[in-house]
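Position 1 is the first residue of the sequence, and the numbers go up from there.
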Amino acid sequence: MDSCTLKIFEIEKLSLSDYKEHKERLNDVCVFFDSLSSFLKPRRLVNTLMANDETEVYCYDIKKIENDYLVVLWLKIADSTGFGVTSLDKTGAVGSRATRRKFGKNKIPGVPAYFYISSQYKKIVTLEFKGSSGDSSLLTQYLRDYMHNFSKYADHARDDDGGGKKSNGFMVKKKDGRLCYFSFEIKRFINTSVEKELLLNYSSVTNVITKSEVEVFSDAESSLFNIKPIMKLFSDQNDGSSIQTTVRMQVPVKFESEEELSSYITNIKGTYDVNNVGFVISTPSYKRTLYLNNSQAKEKVELVNSIADVTDIPVWPYTANDIARSLEADHVINRFILASSRVVSTTVNDGASKDSEVAV
């Protein structure tokens, strides 16, 4: 099998919550994906369509592995030639293998998107192969559309004009009459090893580095920005009055506690600044700079392909069953999740080595 890149996303919320008290009344990951699987399994591909705006997404395959799920979605793409594009048969069942041959009116050209849903750790791991989509929003939107339009939890009513169904809300049990709302929110999982290393060495963080895009004018003081070589480079390409450039500034800092640094990091995560802020750690034994944007938990792996049957898996695109067979011999997903949530041999303030595990 081809190598792929694993990336983790954390399930922040997956629940049906009470409208009045905003309390979660159903939040079991397996319950929602069991429901989705029961809906999809007996269907033909054409009947798995969930459309949002102009995007058409189908279910290529879905498979339960103990209490986890492998979901493979199919993102339809436009192709004017009709040649050399991977496609699925509209009338094929969920799990039918894609083909690379020319497609006609009964074919859906597109690319797959692979998702492993871990119910134990409440994480979603994307498996990005060359040619696949790694858009995590495809899964969240797909499940939302299913819940609103087809799930047993949706409380549907007809439009006033007798048109299509509309959802009044959701009910965990039809007989209780209490309306809920559905939430499915995920966020990029920050590799705990990087963040934890910063916190363990909070007193050794000596500087914060920031990078910003600025417009510098030709009459700016050279003492502020040394831009003469840059101005000379661009002088023949524009009017010379201003240029866009990236400024890297380093500011001395001193954090008094882990809590103070943790609060600072929390304010950065989830914002644009996460891509532009670095921390300099200086100890007697080493000096290094850590950037939060480089700490997204991801890893390039070779899925096992030397065991029986796996060597017989056809070439790309893979089905959920193909991926599951490869994972049977090596629990690469769980190992990746655990490794990304653990600090190993970080250097603490006195220069000693300390191992610290973070619960997931």
Side-chain angles (χ1 to χ4, degrees), residues 8-40 48 50-53 55 57 59 62 64 66-69 71 73 115-126 135-190 192 195 258-260 262-272 274 297 337 341 358-360:
I8 305 180
F9 296 83
E10 190 165 13
I11 298 176
E12 284 194 297
K13 185 177 289 187
L14 178 53
S15 65
L16 289 174
S17 301
D18 189 280
Y19 265 122
K20 293 183 178 179
E21 299 178 352
H22 302 290
K23 291 182 178 179
E24 294 184 356
R25 303 199 59 228
L26 183 64
N27 58 8
D28 189 311
V29 172
C30 286
V31 168
F32 290 107
F33 282 95
D34 281 345
S35 176
L36 178 66
S37 180
S38 297
F39 171 78
L40 292 171
T48 68
M50 303 290 173
N52 183 42
D53 297 327
T55 303
V57 182
C59 181
I62 184 168
K64 190 171 186 178
E66 296 180 350
N67 287 323
D68 296 341
Y69 265 101
V71 179
L73 300 180
F115 305 93
Y116 188 99
I117 295 91
S118 172
S119 63
Q120 179 182 359
Y121 301 114
K122 292 191 174 181
K123 301 287 191 295
I124 294 173
V125 178
T126 61
D135 186 354
S136 60
S137 67
L138 292 177
L139 181 65
T140 55
Q141 188 60 51
Y142 194 87
L143 187 60
R144 288 191 195 108
D145 287 347
Y146 160 71
M147 287 293 294
H148 280 277
N149 297 308
F150 303 104
S151 76
K152 64 180 180 181
Y153 303 105
D155 179 39
H156 289 303
R158 290 287 174 182
D159 289 335
D160 294 337
D161 60 0
K165 292 186 297 184
K166 64 179 181 179
S167 177
N168 290 329
F170 298 86
M171 292 183 185
V172 175
K173 296 179 180 179
K174 294 297 183 183
K175 63 181 180 180
D176 63 18
R178 297 176 65 182
L179 285 178
C180 297
Y181 57 90
F182 176 69
S183 301
F184 187 16
E185 306 295 336
I186 66 174
K187 69 175 181 180
R188 187 177 69 168
F189 182 71
I190 299 295
T192 304
E195 186 174 331
E258 284 190 24
E259 291 74 19
E260 184 180 359
S262 177
S263 177
Y264 186 81
I265 291 173
T266 299
N267 289 331
I268 294 173
K269 289 192 302 185
T271 70
Y272 171 78
V274 76
I337 292 174
S341 308
V358 181
V360 292

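Applying the side-chain hydrogen bond (donor to acceptor under 3.5 Å, both in side chains) rule to Ser17 yields the partners Ser15; only residues at least two apart in sequence or on another chain are considered. Glu21 pairs by the salt bridge (charged side-chain N to carboxylate O under 4.0 Å, His left out) definition with Lys23, not counting sequence neighbours. The side-chain hydrogen bond (donor to acceptor under 3.5 Å, both in side chains) search around Ser183 returns none, not counting sequence neighbours. In terms of the salt bridge (charged side-chain N to carboxylate O under 4.0 Å, His left out) criterion, Glu258 has no residue partners (sequence neighbours excluded). Shown here are the side-chain hydrogen bond (donor to acceptor under 3.5 Å, both in side chains) partners of Ser151, two or more places apart in sequence or in another chain: there are none. Contacts of Tyr19 classified as ring-ring contact (aromatic ring centres under 6.0 Å, His included), with partners at least two apart in sequence or in another chain: Tyr181. Under the side-chain hydrogen bond (donor to acceptor under 3.5 Å, both in side chains) criterion, Arg178 pairs with Asp18, sequence neighbours left out. Listed by chain and number, the residues in a ring-ring contact (aromatic ring centres under 6.0 Å, His included) with Phe32 are Phe182 (sequence neighbours excluded). Shown here are the ring-ring contact (aromatic ring centres under 6.0 Å, His included) partners of Phe39, two or more places apart in sequence or in another chain: Tyr146, Phe150. Partners of Asp34 under the salt bridge (charged side-chain N to carboxylate O under 4.0 Å, His left out) rule, at least two apart in sequence or in another chain, are Lys64. Take Lys20 and apply the salt bridge (charged side-chain N to carboxylate O under 4.0 Å, His left out) test, not counting sequence neighbours, and it matches no residue.
How far CD of Glu12 is from CD of Glu185: 7.5 Å, rounded to the nearest 0.5 Å. Atom CG of residue Asp155 and atom CG of residue Leu179 lie 5.5 Å apart, to the nearest 0.5 angstrom. Here Phe33 contributes atom CZ and Asp68 contributes atom CG; the two are 10.5 Å apart, rounded to the nearest 0.5 Å. Put simply, CG on Leu139 and CZ on Arg144 are 9.5 Å apart, with the number rounded to the nearest 0.5 Å. Taken from OG in Ser119 to OH in Tyr69, the straight-line distance is 9.5 Å, to the nearest 0.5 Å. Expressed to the nearest 0.5 Å, how far CD1 of Ile117 lies from CZ of Phe9 amounts to 12.5 Å.
Between Cys59 and Thr48, the shortest heavy-atom distance links the atoms N-OG1, 3.0 Å. Of all non-hydrogen atoms in Val57 and Tyr142, the two that sit nearest each other are O-CE1, 3.5 Å. Scanning all heavy atoms of the two residues, the minimum distance from Ile11 to Ile186 falls at CA-CG2, 4.1 Å.
Formation of a donor-acceptor pair under 3.5 Å by the Thr266 side chain with backbone atoms of Ser262 is found in this model. Remark: side-chain polar atoms of Ser263 are not paired, donor with acceptor, to backbone N or O of Glu260 under 3.5 angstrom. Between the side chain of Asn27 and the main chain of Leu14, no donor-acceptor pair closer than 3.5 Å is present.
The residue from Tyr153, Phe184, Phe170 that alone fulfils the ring-ring contact (aromatic ring centres under 6.0 Å, His included) condition with His148 is Phe170.
Residue pairs meeting the salt bridge (charged side-chain N to carboxylate O under 4.0 Å, His left out) criterion with at least one partner in residues 24-33, sequence neighbours excluded, are Arg25-Asp176.
Proximity of Val125 to Ser118: side-chain heavy atoms (C-beta onward) are nowhere separated by under 4.5 Å.
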